[in-house]
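All values below come from the heavy atoms of this structure, side chains included, with hydrogens, waters and symmetry mates left out.
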Amino acid sequence: MRNRVPSKPDDASAELRMAVLGRTGEGRRSAVSSILGLTDPPQGAGAAVQQECSKHRGEAAGRRVVVVSSPVWLGSGCDPEERRRHISSFLALSSPGPHVFLLCVPVNQPADGEANALDVLEKLFGPSAVDTNAIVLFTHTEELEEDEQLGSYLATWRKDLLELVERCGERYHTLETRGGGAEEGKAAEELLEKVEQVVRASGAQHCSCPLYQEAEERVRERQVEIVRRRRGGDKVAPTDLQPEGDVTEEEMEAVRDEAERSVGDLNVDVESIFPPSPPPPAPSFLWGLWEKLTGWTRWLPRVLRREALLGALVGLFVGGPFGGMMGATVGSVATEVARRRTQKTK
């Protein structure tokens, strides 16, 4: 039986730990920069490194923060061994557990992938990871009208995104602003306040589960092994480690980063959590038309996009010559209303 190295007590007042998850290119990188107040992308955030987990430390709003960003392993289409490696690395870097999971969700795409991501978080870390420790972080909010509030947009147009928010205990935020640096700093500060609210409301210092307990145990064992090796002592196998009193917490902390990155794969049952995906079905006729319609409206001024799309959808679902005439009428009326509203506000 493996000897357990005592874990370091977690000091919730010392730092806030956040884990940023999401699709490729959907705001994870910019979220890390915004939280840490960086003007440039985080060091080592090139295209090649983006395929690996990254960990960044900094200070924001007077608090020490740790942000772990993970490559995409929540969805389908990932090789099982690569997925196990990514999850193991994510667990080690975010151990002993994040205070919150920040799920980056684009407002301009369907929410199916993010709903599946929340299911995966529940399977890996337990239901509390979602209903207690998750915050939806909306991205691509520049797609909204200039006078449209995010909350109003969700309630009026995107019930699918609103369901994600409801699953996450009604917690959501965005770091994207139209006012530049001052507003971005305020948005980051408001996010940290929400993270602190999660910590207070949960009554726990961080998300914890058997996987995180195993990860922290493995990290601590590696720390002891690295400290002993650097002292010039005999090379000791991890299974032989004993919690020696001569290994201080200062020495352990000095090699923490190296230990986290050398833990190796953990016992993650990816086969049961991510069953083999069946071949993707052929795109439906309506979905194909939807993609064509949204692509066609992309070149239109933003204020006209929704109105033009609304008219096209009416024509699509009513069908026939009558549907075409009705769709054109609805689109024209909606566009004219939008034009007048815009002129009135100028």
Side-chain angles (χ1 to χ4, degrees), residues 7-22 27-45 53-70 90-105 128-129 132-139 141 149-151 165 168-208 212 216 219 248-257 259-260:
S7 62
K8 180 181 179 181
D10 181 67
D11 185 358
S13 65
E15 62 184 19
L16 291 177
R17 294 190 299 275
M18 290 164 274
V20 182
L21 304 170
R28 287 181 290 117
R29 185 173 170 181
S30 61
V32 174
S33 297
S34 297
I35 293 169
L36 297 175
L38 304 177
T39 55
D40 297 320
Q43 184 178 5
C53 285
S54 61
K55 184 173 184 176
H56 310 277
R57 285 189 172 92
E59 185 171 317
R63 294 295 304 270
R64 287 195 296 148
V65 296
V66 176
V67 185
V68 175
S69 179
S70 172
F90 172 76
L91 286 165
L93 292 180
S94 58
S95 175
H99 294 104
V100 295
F101 296 96
L102 299 177
L103 181 64
C104 294
V105 178
S128 64
T132 301
N133 296 98
I135 297 177
V136 177
L137 192 63
F138 285 111
T139 66
T141 56
Q149 298 298 314
L150 177 58
V165 173
C168 296
E170 306 290 344
R171 294 178 298 273
Y172 73 93
H173 194 67
T174 182
L175 292 168
E176 299 172 350
T177 65
R178 293 186 171 99
E183 288 192 10
E184 289 177 1
K186 183 179 179 182
E189 184 174 351
E190 290 173 348
L191 175 62
L192 294 181
E193 290 173 358
K194 291 180 179 180
V195 175
E196 290 176 330
Q197 289 173 7
V198 169
V199 175
R200 290 193 297 266
S202 67
Q205 295 179 332
H206 57 80
C207 176
S208 183
Y212 269 121
E216 181 65 8
V219 170
T248 67
E249 286 298 337
E250 288 75 16
E251 290 176 303
M252 298 278 279
E253 191 61 28
V255 299
R256 174 85 190 193
D257 289 344
E260 289 174 347

Subject >> Heavy-atom closest contact (Pro98 atom, Tyr212 atom, distance) >> reply: CD-OH, 3.2 Å

Original post:
Any side-chain heavy atom of Ser202 within less than 4.5 Å of one from His99?
Top reply: no

Subject >> Sub-4.5 Å side-chain heavy-atom contact between His206 and Ser95 >> reply: no

Subject >> Straight-line distance of Glu250 CD to Met252 CE, nearest 0.5 Å >> reply: 11.0 Å

**OP:** Measure the shortest side-chain to side-chain distance between Val105 and Tyr172 over non-hydrogen atoms and say whether it is less than 4.5 angstrom.
**Re:** no

**OP:** Compare every heavy atom of Ala188 with every heavy atom of Ser34, then report the nearest pair and how far apart it is.
**Re:** O-CB, 3.6 Å

Original post:
In Å, rounded to the nearest 0.5 Å, how long is the span from SG of Cys168 to CG of Asn133?
Top reply: 10.5 Å

Subject >> Over 12 non-hydrogen atoms of neighbours within 6.0 angstrom of CD in Gln149 >> reply: no

Subject >> Min side-chain heavy-atom separation Val20-His56 under 4.5 Å >> reply: no

Subject >> CG on Leu175 to CD1 on Ile35, rounded to 0.5 Å >> reply: 5.5 Å

**OP:** Drop me the distance from Arg256's CZ to Glu251's CD, to the nearest 0.5 angstrom.
**Re:** 15.5 Å

Original post:
Of all heavy-atom pairs between Cys53 and Leu93, which one has the smallest distance, and what is that distance?
Top reply: CB-CD1, 3.5 Å

Original post:
Quick one: does Leu191's side chain get under 4.5 Å of Leu102's, heavy atoms only?
Top reply: yes

Original post:
Checking Thr174 side chain against Phe138 main chain: does a donor-acceptor pair fall under 3.5 Å?
Top reply: yes

Original post:
Between the side chain of His173 and the main-chain N/O of Ala187, is any donor-acceptor distance below 3.5 Å?
Top reply: yes

Subject >> Exam field: side chain Glu176 to backbone Thr141, donor-acceptor pair closer than 3.5 Å >> reply: yes

Original post:
Rounded to the nearest 0.5 Å, how far apart are CZ of Arg57 and CG of Asp257?
Top reply: 5.0 Å

Original post:
Once you round to the nearest 0.5 Å, how far does OG of Ser94 lie from NZ of Lys55?
Top reply: 8.0 Å

Subject >> Side chain proximity check, Val165 to Glu170, heavy atoms < 4.5 angstrom >> reply: yes

Original post:
Does a side-chain heavy-atom distance below 4.5 Å link Arg171 with Lys194?
Top reply: no

